[in-house]
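Everything below concerns the one structure shown next.
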Amino acid sequence: MGILYLVATPIGNLEDMSPRAVRILRQVSLIAAEDTRQTQKLLHHFGISTPLVSYFEHNKISRLELILNRLNEDDVALVSDAGTPTINDPGYELVRAALAAGHSVCPIPGPSAPITALAVSGLPTDAFLYLGYLPRKSAERRPFLETVADLPYTLLCLEVPHRLLASLSDLEAVLGDRTMAAARELTKIHEQIIRGPISRVRAHFEQHEPRGEFVLVIAGKTENRERWAEERIIQAIRAGLTTGESSSRLAARLAGESGWTRREVYRLIQANKEKV
Ligand code: SAM
């Protein structure tokens, strides 16, 4: 019975490749890679000549048999383009199939963008919720964010540059103006971590076109906020309504300041509208 090694690779800086990862990639008889051309560059850099086979989103099921057959005779490594395989990358089905066939699965840990971003965010790390990529469309993103709005865990998600501003707007509208960190191009030359309220991070990227790879880390419901007494929030709602602020804008703003969720504030706004 062979061993399936899950080998983490750098997310930018090649110095993050571990000596153990190099040794295992040399030692196995086959490397299953998300993008063989990308991995070939990595292997070349480290002087590794192990054969490669592609294993990506659209052949991940059909390739199972070939990889499992090889595992009957020898050890195989799985790598993704960057970071830890199976984390928002192909591999889960292979791990499951290898275990079901009686093989061992051995981790060779190393970089992973979401965990790296969480660690440097300055937000609580004791309990967090990893969301992967947010839904692409705002009409799906907002209801999705509602489902996590009341949770006290730090939220962790991936985003692509062309959706960054729209996602930041939705995050602020649904969660309130919470503290966050946008980690960009981690371990690369243009590494940048922008921290602050969501509105400030959004303002930054309105002025500087978002480029590169991003992980967003957002405070959980209670971080940095003491929940206001009901009397105080009702006063703030009435003040906002008299200035003509829209209900949704008011709900988003006060959710950020008060420690109440947007949904709770919205309900209070509806209840207090006629009284203004
Ligand atoms: N399995 C990978 C890992 O463990 O890091 C994650 C794969 S996921 C398909 C790729 C996404 O991770 C990117 O779209 C981006 O959101 C994030 N990412 C990858 N490398 C990054 C980096 N150097 N800096 C910031 N985010 C990164």
Self-check item: Chi angles and distances behind the side chain to side chain contact (heavy atoms under 4.5 Å, CB included) call for Leu250, Arg253
Solution: CA-CA 5 Å; Leu250 188 57; Arg253 180 171 65 80; 3.3 Å; yes
Quiz item: Could you go step by step and tell me if Asn69 and Ile67 meet the side chain to side chain contact (heavy atoms under 4.5 Å, CB included) rule?
Solution: CA-CA 5 Å; Asn69 283 343; Ile67 298 173; over 6 Å; no
Practice problem: Could you give me the CA-CA distance, side-chain angles and deciding distance for Glu185 and Phe214, then say whether side chain to side chain contact (heavy atoms under 4.5 Å, CB included) is met? | Solution: CA-CA 7 Å; Glu185 295 286 88; Phe214 286 89; over 6 Å; no
Quiz item: Does the side chain to side chain contact (heavy atoms under 4.5 Å, CB included) test come out yes or no for Leu216 and Leu164, once each step is laid out?
Solution: CA-CA 9 Å; Leu216 307 180; Leu164 184 75; 3.7 Å; yes
Quiz prompt | side-chain hydrogen bond (donor to acceptor under 3.5 Å, both in side chains) between Ser54 and Asn59, intermediate numbers included | solution = CA-CA 8 Å; Ser54 70; Asn59 75 356; 3.2 Å; yes
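Taking every heavy atom of both residues into account, Ala113 and Leu186 meet most closely at O-CD1, 3.8 Å. Taking all atoms of both residues into account, the shortest heavy-atom contact from Thr116 to Ser112 is OG1-O, 2.7 Å. Annotation for Ala98 and Leu71: closest pair CB-CD1, 4.1 Å, computed over non-hydrogen atoms. Taking each heavy atom of Ala82 and Asp89 in turn, the nearest pair found is O-OD2, 3.7 Å. Nearest approach of Asp170 to Ser138, heavy atoms of both residues: OD2-OG, 2.8 Å. What you find for Ala117 and Ala183 is that their closest heavy atoms are CB-CB, 3.7 Å.
In the hydrophobic clustering of this structure, Ile61 does not group with Leu78; members are Ile, Leu, Val, Met, Phe, Trp, Tyr whose side-chain heavy atoms approach within less than 4.5 Å, directly or through other members. Under a hydrophobic clustering in which Ile, Leu, Val, Met, Phe, Trp and Tyr are joined whenever their side-chain heavy atoms come within less than 4.5 Å, directly or via other members, Tyr266 and Leu241 fall into different clusters. The hydrophobic cluster containing Val76 does not contain Phe56, counting ILVMFWY residues as joined when their side-chain heavy atoms lie under 4.5 angstrom apart, directly or transitively. Cluster annotation: Leu6 and Ile115 are assigned to distinct hydrophobic clusters (Ile/Leu/Val/Met/Phe/Trp/Tyr, side-chain heavy-atom contacts under 4.5 Å, transitive). Put simply, Ile193 and Leu123 are part of two different groups of oily side chains (I, L, V, M, F, W, Y) that touch within less than 4.5 Å, one to the next.
A donor-acceptor pair under 3.5 Å links the side-chain atoms of Asn272 to the main chain of Leu268, judged by distance alone. The main-chain N or O of Ile198 is found under 3.5 Å from a side-chain atom of Asp177 such that the two form a donor-acceptor pair. With hydrogens and angles ignored, the 3.5 Å screen pairs a side-chain donor or acceptor of Trp260 with a backbone N or O of Trp228. Here the side chain of Glu264 pairs a donor or acceptor atom with the backbone of Thr261 at under 3.5 angstrom. The closest donor-acceptor contact from the side chain of Arg184 to the backbone of Gln192 lies at 3.5 Å or more, if one exists at all. For the pair Arg141 (side chain) and Leu134 (backbone), a donor-acceptor distance under 3.5 Å is absent. For the pair Ser246 (side chain) and Arg249 (backbone), a donor-acceptor distance under 3.5 Å is present.
Atom OG of residue Ser199 and atom CE of residue Met180 lie 10.5 Å apart, to the nearest 0.5 angstrom. The structure places NE2 of His103 at 12.5 Å from CZ of Arg70, a figure rounded to the nearest 0.5 Å. Remark: Ser29 OG to Glu73 CD distance equals 8.0 Å, nearest 0.5 Å. Note that OG of Ser247 is 9.5 Å distant from CD of Glu245, once rounded to the nearest 0.5 Å. A distance of 6.5 Å separates CG in Leu68 from CG in Leu94, rounded to the nearest 0.5 Å. Between the CZ atom in Arg267 and the CD1 atom in Ile237 there is a gap of 12.0 Å [rounded to 0.5 Å].
With 3.5 Å as the limit, one finds no donor-acceptor pair spanning the side chains of Arg195 and Thr179.
In the displayed structure, Glu57 atom CD is contacted under 6.0 Å by more than 12 heavy atoms of other residues, nucleotides or ligands. Residue His162 places its NE2 atom among more than 12 non-hydrogen atoms of other residues, nucleotides or ligands, all under 6.0 Å distant.
Contact check for Met1 versus Ser104: no side-chain heavy atoms found under the 4.5 Å cut-off. Looking at heavy atoms from C-beta onward, Leu30 lies in side-chain contact with Leu66 at the 4.5 angstrom threshold. The side-chain heavy atoms of Tyr55 and Leu64, taken from C-beta on, include a pair separated by under 4.5 Å.
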Below 3.5 Å, can you tabulate the donor-acceptor pairs from side chains in residues 202-213 to any protein atom, sequence neighbours excluded?
residue: Arg202; atom: NH1; partner: Glu206; partner atom: OE2; Å: 3.0
residue: Arg202; atom: NH2; partner: Glu172; partner atom: OE1; Å: 2.9
residue: His208; atom: ND1; partner: His204; partner atom: O; Å: 2.9
residue: Glu209; atom: OE1; partner: Arg211; partner atom: NH2; Å: 3.2
residue: Glu213; atom: OE1; partner: Lys188; partner atom: NZ; Å: 2.9

Return all side-chain donor-acceptor pairs below 3.5 angstrom for residues 149-161, not counting sequence neighbours, or 'none' if the list is empty.
residue: Thr154; atom: OG1; partner: Pro124; partner atom: O; Å: 2.7
residue: Glu159; atom: OE2; partner: Ser167; partner atom: OG; Å: 2.7

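Screening residues 36-49 for side chain to side chain donor-acceptor pair (under 3.5 Å), with sequence neighbours left out, gives no hits. Residue pairs that meet the salt bridge (Lys or Arg N to Asp or Glu O under 4.0 Å) test with at least one member in residues 123-139, sequence neighbours left out, do not exist here.
Annotation: side-chain contact (heavy atoms from CB on, under 4.5 Å) contacts of Thr125 (sequence neighbours excluded): Leu118.
Cluster partners of Leu43 are Ile3, Tyr5, Val7, Leu14, Met17, Val22, Ile24, Leu25, Val28, Ile31, Leu42, Phe46, Ile48, Leu52, Val79, Ile108, counting Ile, Leu, Val, Met, Phe, Trp and Tyr whose side-chain heavy atoms approach within less than 4.5 Å, directly or via other members.
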